[in-house]
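Data first, discussion second: the structure below is written as structure tokens.
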Amino acid sequence: MSEGAEDQPATADQENTSVPAYSWYALSVLVLVYVLNFIDRQILSILANDIKADLGVDDAYLGFLYGTAFAIFYALFGIPLGKLADSWKRVRLMTLGLSLWSAMTALSGFAKDAGQLTVARIGVGVGEATASPSAYSLISDWFPARLRATALAIYSSGLYIGGGISLAIGGLVVDQWNEAFPAGGPLGLAGWQAAFIAVGLPGLLLAAWVATLREPIRGAIDGIPTAEDPNPFRGFVKELTTVIPGFTFFGAASRGGMALAINIAAFVLAFVVANLLTQVLGAGQGFIMAALESVTGASLPLISDQWFLLALGYYAVYSWASALRVRDYPTFALTWGSPAFLCTILGYGTVAFMAYAASYWGAPYAERVFDVSKGNLGFFLGGGGALGGFLGVILGGRMADALMSRTSAGRVFVVLFGLLSPIPFAVLQYTTESYPLFIILNIVVGGLAASALGAAAAASQALVLPRMRGTATATFFLATTLVGLALGPYTAGYVSAQNGDNLSIGVLSTLWIAPIGLVVLVAAIKLTPKAISTVIERAEAAGEQISID
């Protein structure tokens with residue numbers, strides 16, 4: 001049996017060939033991009049209590065703002081942008097995306113109400129959707145298979161460094177701004193608004209640096225060089241039309257009457273479920289439905305923003321996957337049609353469900369329970385989180401590469417470790433009355449959960465061909481965002497709001513997903529060896545034309 005291109009055994013020459021210095025330099029620039037990515041995303045954590053007080057919102061909305069409002073658009077635009085990363089210049093794509101999300105982060109600082117802040121966060125999600133599909137694909141073309149999990153883990157360390165720095169910067173800016181302008185500063189801006197502006201503007205400078213990186217030859221390092229697509233935006237536009245509700249009906253109709261009927265039924269079902277969830281769990285914020293009513297003049301069913309966007313997201317993903325099956329069956333077969341791939345990404349999604357909730361709510365929880373300043377909290381909680389996450393993701397990546405040399409399912413074992421090992425420490429962290437112990441446990445929990453990321457990313461990349469890596473990355477992040485980010489922080493915030501703003505109960509309520517993750521990852525461990533060893537055969541059986549140098 002032939003091996004998949006991602007993890008073919010290296011020859012002696014390949015083993016002895018050193019990685020060019022430029023690859024490490026380019027990787028360091030991508031790490032900076034990812035650091036800023038998570039500064040702009042995670043700074044909301046240290047600002048949450050101030051936003052709650054100024055805008056009069058509850059914990060459920062704060063979970064929605066950090067999770068769903070960002071995640072749905074991050075995930076959905078990640079699909080066509082992942083396709084664009086497979087066909088266009090990845091460096092240019094990342095440059096444009098970085099410019100967009102930095103500008104929208106700065107604009108968040110001028111929001112005067114919850115609706116404006118929600119729109120700005122949606123813009124951040126769209127811009128950040130360019131980063132990882134481009135970066136994962138670039139890294140896979142800069143580094144050989146034997147070092148790929150390590151390189152992806154180094155890139156992923158930016159997540160934890162940025163998350164930690166965001167708390168320190170946010171806390172410092174808010175404390176100093178409020179001290180200097182207790183009644184509001186220039187333009188009437190509060191401290192939390194100034195913090196958004198302070199972290200958003202530097203991204204525009206970093207974008208100019210990213211634009212100088214050299215584009216590698218796609219697939220050359222794996223012996224499967226792929227020529228540039230002469231019409232790179234054609235596939236992007238097709239992907240975009242299959243994922244935007246409304247246009248999805250036309251896409252389905254092009255595949256026949258039955259496909260259109262099923263698509264419409266999926267659309268109706270998604271919003272019926274969203275309406276039921278709104279009735280059962282409470283309306284919450286309803287900016288979107290109010291806006292639609294004002295535009296259409298029609299009386300629409302009451303659906304909260306949380307469930308409206310989630311219904312939109314899941315329906316759009318269904319529409320895209322259905323279209324992908326027709327347009328690019330080999331890619332569909334190796335992603336949506338692969339139980340090993342699905343179990344791997346969904347398994348990591350359960351890790352993200354708990355990890356996003358704990359990392360986001362850590363600062364608001366500690367500020368309420370331990371009565372510490374934002375500056376103190378940003379330094380110790382942010383610094384500790386960055387340290388734990390950095391060590392965890394790097395060591396997890398090295399562990400994944402080491403285990404991969406022994407078993408082709410080795411990386412999935414590390415994902416399973418990242419799911420189960422943090423649980424007892426998280427329970428103690430969110431029940432302790434000791435602030436120093438809370439800080440120490442934050443390092444431990446963050447490090448253990450972080451160990452899964454590089455392993456999961458590399459494991460999913462190993463199951464597809466080089467030309468499919470951008471789409472595979474976008475699909476991987478669907479699980480991370482639609483399962484983890486869109487539901488984890490909101491669940492914790494909703495449960496907290498229902499229990500008198502008790503964030504301890506809220507965060508610990510997310511642990512229920514661990515048994516589901518365990519079952520899914522055990523299945524992935526059993527399925528992965530055969531899936532890796534038959535990548536090329538399965539691609540060819542699905543219609544892929546492959547030439548191996």
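These figures come from a predicted structure and were not determined experimentally.
Contact detail for A456 and T344: the closest heavy-atom pair is O-CG2, 4.3 Å. Shown here for V412 and A524, the closest heavy-atom pair between the two residues is CG1-CB, 3.7 Å. A pairwise comparison of heavy atoms in V351 and G418 identifies CG1-O, 4.0 Å as the closest pair. Heavy-atom minimum distance, A316 versus V243: CB-O, 3.2 Å. Contact between C343 and V520 at its shortest, heavy atoms only, is O-CG1, 3.1 Å. P422 and L419 make their closest contact through CD-O, 3.5 Å (heavy atoms, listed as atom of the first residue, atom of the second, distance).
The side-chain heavy atoms of Y22 and R214, taken from C-beta on, include a pair separated by under 4.5 Å. Side-chain contact between I345 and L478: absent, with no pair of heavy atoms (C-beta onward) separated by less than 4.5 Å. Side-chain contact between V199 and S166 is absent, with no heavy atoms from C-beta onward closer than 4.5 Å. By the 4.5 Å heavy-atom criterion applied to side chains, M468 and K83 are not counted as neighbours. Inter-residue side-chain proximity for I532 and M404 is flagged as met; some heavy-atom pair is nearer than 4.5 Å. Inter-residue side-chain proximity for T475 and W336 is flagged as met; some heavy-atom pair is nearer than 4.5 Å. The side-chain heavy atoms of V445 and I423, taken from C-beta on, include no pair separated by under 4.5 Å. You'll find the side chain of I513 stays beyond 4.5 Å of the side chain of T510, heavy atoms only.
With S533 contributing its side chain and K530 its backbone, the two residues share a donor-acceptor pair below 3.5 Å. The backbone N or O of S137 lies less than 3.5 Å from no partner atom in the side chain of S140, so there is not a single donor-acceptor pair. No donor-acceptor distance shorter than 3.5 angstrom exists from the side chain of R538 to the backbone of L334, with no hydrogens or angles considered. Of the possible polar contacts, none joining the K374 side chain to the L172 backbone as a donor-acceptor pair under 3.5 Å is found. Judged by distance alone, the side chain of W361 and the main-chain N or O of P489 form a donor-acceptor pair under 3.5 Å. In this structure, R411 contributes its side chain and A452 its backbone to no donor-acceptor pair below 3.5 Å. In terms of modelled atom types and a separation under 3.5 Å, the side chain of S102 and the main chain of S99 share no donor-acceptor contact. Formation of a donor-acceptor pair under 3.5 Å by the S28 side chain with backbone atoms of Y25 is found in this model. Side chain of S87 to main chain of P232: a donor-acceptor pair is present (N/O by atom type, distance under 3.5 Å, no hydrogens or angles). Although no hydrogens or angles enter the test, the distance criterion places no donor-acceptor pair under 3.5 Å between the side chain of Q429 and the main chain of I439.
Between Y490 and Y356, the distance from one ring center to the other does not fall under 6.0 angstrom. When ring centroids are compared, F341 and F476 stay outside the 6.0 Å threshold. Between W88 and F233, the gap from one ring centroid to the other is short of 6.0 Å. For F143 and W24, the gap between ring centers is short of 6.0 Å.
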- For the pair E540 and I536, evaluate side chain to side chain contact (heavy atoms under 4.5 Å, CB included) and give the outcome as yes or no after the intermediate values. CA-CA 6 Å; E540 289 177 329; I536 291 179; 3.8 Å; yes
- Task: Start with the C-alpha gap between Y136 and F477, add the side-chain angles, then the distance that decides, and say whether ring-ring contact (aromatic ring centres under 6.0 Å, His included) holds.
- Result: CA-CA 11 Å; Y136 278 43; F477 276 95; 5.7 Å; yes
- Item | Residue pair Y74, V124: steps toward the side chain to side chain contact (heavy atoms under 4.5 Å, CB included) verdict | CA-CA 8 Å; Y74 178 81; V124 174; over 6 Å; no
- Check step by step if salt bridge (charged side-chain N to carboxylate O under 4.0 Å, His left out) holds for R148 and D401. CA-CA 8 Å; R148 206 160 282 155; D401 281 336; over 6 Å; no
- Task: Go through the steps to decide whether L138 and E215 satisfy the test side chain to side chain contact (heavy atoms under 4.5 Å, CB included), and finish with yes or no.
- Result: CA-CA 8 Å; L138 285 168; E215 185 84 18; 4.1 Å; yes
- Do S451 and M399 pass the side chain to side chain contact (heavy atoms under 4.5 Å, CB included) test, and can you show the C-alpha distance, the side-chain angles, and the key distance before you say yes or no? CA-CA 9 Å; S451 66; M399 187 190 309; 5.7 Å; no
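Annotation for F390: atom CZ does not count as buried by contact number, only 12 or fewer foreign heavy atoms lying within 6.0 Å. Surrounding CZ of F425 are at most 12 heavy atoms belonging to other residues, nucleotides or ligands under 6.0 Å away.
Ion pair D328/R467 flagged as a salt bridge, since at least one NZ, NE, NH1 or NH2 atom sits closer than 4.0 Å to an Asp/Glu carboxylate oxygen.
Note that CG of L465 and OG1 of T331 are 8.0 Å apart. Values are rounded to the nearest 0.5 Å. Remark: I197 CD1 to S108 OG distance equals 9.5 Å, nearest 0.5 Å. Expressed to the nearest 0.5 Å, how far CZ of R90 lies from CZ of R469 amounts to 9.0 Å. Between the CD1 atom of I525 and the OG atom of S408 there is a distance of 11.0 Å, given to the nearest 0.5 Å. Expressed to the nearest 0.5 Å, how far OG1 of T130 lies from CG of L96 amounts to 8.0 Å. With rounding to the nearest 0.5 Å, the separation of CD in E128 from CG in N37 is 3.5 Å.
Relative orientation of the Y155 and Y34 rings is parallel, given thresholds of 30° and 60° on the angle between their planes.
Side-chain contact, T150 with R398: a donor N or O sits under 3.5 Å from an acceptor N or O.
Results of the ring pair (Phe, Tyr, Trp, His ring centres under 6.0 Å) test with Y360 over F70, F38, Y66 single out Y66 as the only residue that passes.
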